[in-house]
Participant: 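One structure coming up, written as structure tokens, with questions to follow.
Below, chain A is the first sequence line, B the second, and so on; all start at residue 1.
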Number of protein chains: 2
Amino acid sequence: MSQRNRILDIAEHRMRERGYNAVSFRDIAGEIGIKSASLHYHFPKKADLGVELVNRYANTFHAALDASDSLTTDPWDRIKTFVDLHRNALVEQELLCLCAVFGAESRGLPEDINSAVTDFFKRNISWLTKAYEAAGVENANVRAKAGVSILEGALIVANSVRDNEVIEAASDFVLQR
Amino acid sequence: MSQRNRILDIAEHRMRERGYNAVSFRDIAGEIGIKSASLHYHFPKKADLGVELVNRYANTFHAALDASDSLTTDPWDRIKTFVDLHRNALVEQELLCLCAVFGAESRGLPEDINSAVTDFFKRNISWLTKAYEAAGVENANVRAKAGVSILEGALIVANSVRDNEVIEAASDFVLQR
DNA sequence: GTCTATAATTTGATAGAC
DNA sequence: GTCTATCAAATTATAGAC
């Protein structure tokens with residue numbers, strides 16, 4: 001793996017646990033075993049790292065959705081993939097969604113990062129709206145906005161109260177026919 | 001108003017916008033017009049301020065619920081109050097829930113703060129469960145976990161994409177009979 | 001690509017005067 | 001309660017050698 005990706009992996013992991021401002025270049029560099037000055041070769045400013053982090057996260061996320069779309073035509077199977085992408089973050093990785101974390105800190109972040117986060121949410125709402133439409137659900141767009149909200153919120157609440165039933169409750173709502 | 005409450009007001013406002021680590025004692029003191037050293041008289045450590053912030057926030061929140069409980073016996077009216085406490089944060093104040101913000105940053109915060117945040121969520125789930133039970137809703141506890149999640153998540157998503165319809169979608173779900 | 005060295009700033013926190 | 005003065009540590013960032 002490239003050093004650039006190693007940096008992004010560690011930064012993503014730590015920021016999804018602690019937030020943007022609680023993670024320093026020294027933290028990240030220390031875990032890799034290099035000096036913080038070396039990070040600036042890959043990402044001149046911290047904001048550059050943050051933006052790239054969100055873009056990579058969003059691309060990975062939406063690539064997984066695309067992959068699922070090519071595996072099945074059943075809209076409910078596709079929605080299940082969308083749910084599991086959120087669910088597994090907490091259940092398997094014990095991590096929140098990067099964009100939920102950055103969304104919660106929005107006014108403390110560089111504007112470039114906020115734009116990327118907003119794009120992520122809009123794209124998710126749009127994707128889920130189409131999936132619900134394909135499933136013949138009424139008010140697909142409203143339902144999609146509720147679905148994105150409940151999954152993001154459930155990660156935060158389930159993580160805080162340490163109860164995966166919170167995630168299950170949210171998943172059931174999104175998948176309800 | 002006491003100076004202590006002035007400090008808490010400003011700290012709460014800024015941290016609900018930016019997160020815990022993006023707000024410094026100097027920020028807060030500067031807005032009041034005193035020096036940061038003076039803040040340590042009221043709150044020796046930043047963690048003390050953070051804990052008091054969450055406790056005050058939770059007490060105010062639950063006092064508003066209690067007040068509503070004494071105004072009406074209709075469980076759906078009470079649930080409406082619960083919804084509006086969340087909704088108005090964003091719609092009227094343009095702020096997220098303090099505990100959603102701190103919950104998103106949990107591993108970057110002092111443990112005392114996390115405990116207070118967890119208590120807030122647990123108490124909300126418990127309150128909403130009882131309200132749904134009183135309304136005769138099936139699976140009241142699961143529904144309550146979903147309800148708390150969707151409202152917290154909707155604040156973050158609606159704020160990011162600047163679309164209050166996200167909040168309305170979440171509110172409708174929580175109030176659906 | 002990574003290092004050393006270093007600058008400039010910010011931060012949480014304390015001591016002691018008023 | 002607030003101030004001045006001060007500190008030690010941390011942080012983002014740059015310059016230049018290897």
Participant: Who pairs with D27(B) by side-chain hydrogen bond (donor to acceptor under 3.5 Å, both in side chains), at least two apart in sequence or on another chain?
Facilitator: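 With neighbours one apart ignored, the set is S24(B).
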
Participant: Tell me, please, which residues at least two apart from N21(A) pass side-chain hydrogen bond (donor to acceptor under 3.5 Å, both in side chains).
Facilitator: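 For N21(A), no residue satisfies side-chain hydrogen bond (donor to acceptor under 3.5 Å, both in side chains) once neighbours in sequence are set aside.
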
Participant: Return the minimal non-hydrogen interatomic distance between A170(A) and A154(A), and the atom names on each side.
Facilitator: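 The answer is CB-CB, 3.5 Å.
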
Participant: Name the atoms and distances for all side-chain donor-acceptor pairs under 3.5 Å in residues 155-169 of chain A, with sequence neighbours left out.
Facilitator:
residue: N159(A); atom: ND2; partner: S106(B); partner atom: OG; Å: 3.4
residue: S160(A); atom: OG; partner: T118(B); partner atom: OG1; Å: 3.1
residue: D163(A); atom: OD1; partner: E165(A); partner atom: N; Å: 2.8
residue: D163(A); atom: OD2; partner: K145(B); partner atom: NZ; Å: 2.7
residue: E165(A); atom: OE1; partner: K145(B); partner atom: NZ; Å: 2.9
residue: E168(A); atom: OE2; partner: R87(A); partner atom: NH2; Å: 3.4

Participant: Using a cut-off of strictly less than 4.0 Å between a heavy atom of the residue and any atom of DNA chain C, enumerate the qualifying residues of residues 8-17 of chain B by number.
Facilitator: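 Close to the strand, none.
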
Participant: Once side-chain hydrogen bond (donor to acceptor under 3.5 Å, both in side chains) is applied, do any residues pair with E94(A), and if so which ones, sequence neighbours excluded?
Facilitator: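 Scan of E94(A) (side-chain hydrogen bond (donor to acceptor under 3.5 Å, both in side chains), adjacent residues dropped) gives none.
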
Participant: Determine all donor-acceptor pairs shorter than 3.5 Å in which one atom belongs to a side chain in residues 30-42 of chain B; sequence neighbours excluded.
Facilitator:
residue: E31(B); atom: OE1; partner: R14(B); partner atom: NH1; Å: 2.2
residue: S38(B); atom: OG; partner: K35(B); partner atom: O; Å: 3.4
residue: H40(B); atom: ND1; partner: P44(B); partner atom: O; Å: 2.8

Participant: I need the NZ-C1' distance between K45(A) and dT14(D), as an integer number of Å.
Facilitator: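 Value for this atom pair: 10 Å.
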
Participant: Applying side-chain hydrogen bond (donor to acceptor under 3.5 Å, both in side chains), can you list everything that pairs with N5(A), at least two apart in sequence or on another chain?
Facilitator: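 Checked N5(A) against side-chain hydrogen bond (donor to acceptor under 3.5 Å, both in side chains); matches are S2(A).
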
Participant: Using the heavy-atom set of chain A and a strict 4.0 Å cut-off, write down the first and last nucleotide of DNA chain C that makes it in, 5' to 3'.
Facilitator: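 Contact boundaries, 5' end first: dG1(C) to dA5(C).
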
Participant: The criterion is ring-ring contact (aromatic ring centres under 6.0 Å, His included); which residues satisfy it with H62(B), sequence neighbours excluded?
Facilitator: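 Per chain and number, H62(B) pairs via ring-ring contact (aromatic ring centres under 6.0 Å, His included) with F120(B).
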
Participant: Could you state the NE2-P distance from H40(A) to dT11(D), rounded to the nearest angstrom?
Facilitator: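 Interatomic distance, NE2 of H40(A) to P of dT11(D): 12 Å.
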
Participant: Determine which pairs satisfy ring-ring contact (aromatic ring centres under 6.0 Å, His included) with at least one residue from residues 137-166 of chain A, sequence neighbours left out, and list them in order.
Facilitator: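 Matches after skipping sequence neighbours: none remain.
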
Participant: Of the residues in residues 19-27 of chain B, which ones touch DNA chain C at a heavy-atom distance under 4.0 Å?
Facilitator: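 Hits under 4.0 Å, by residue number: V23(B), S24(B), F25(B), R26(B).
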
Participant: Could you give all pairs that pass the ring-ring contact (aromatic ring centres under 6.0 Å, His included) test and reach residues 144-177 of chain B, with sequence neighbours left out?
Facilitator: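 Listed by first then second residue: F173(A)-F173(B).
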
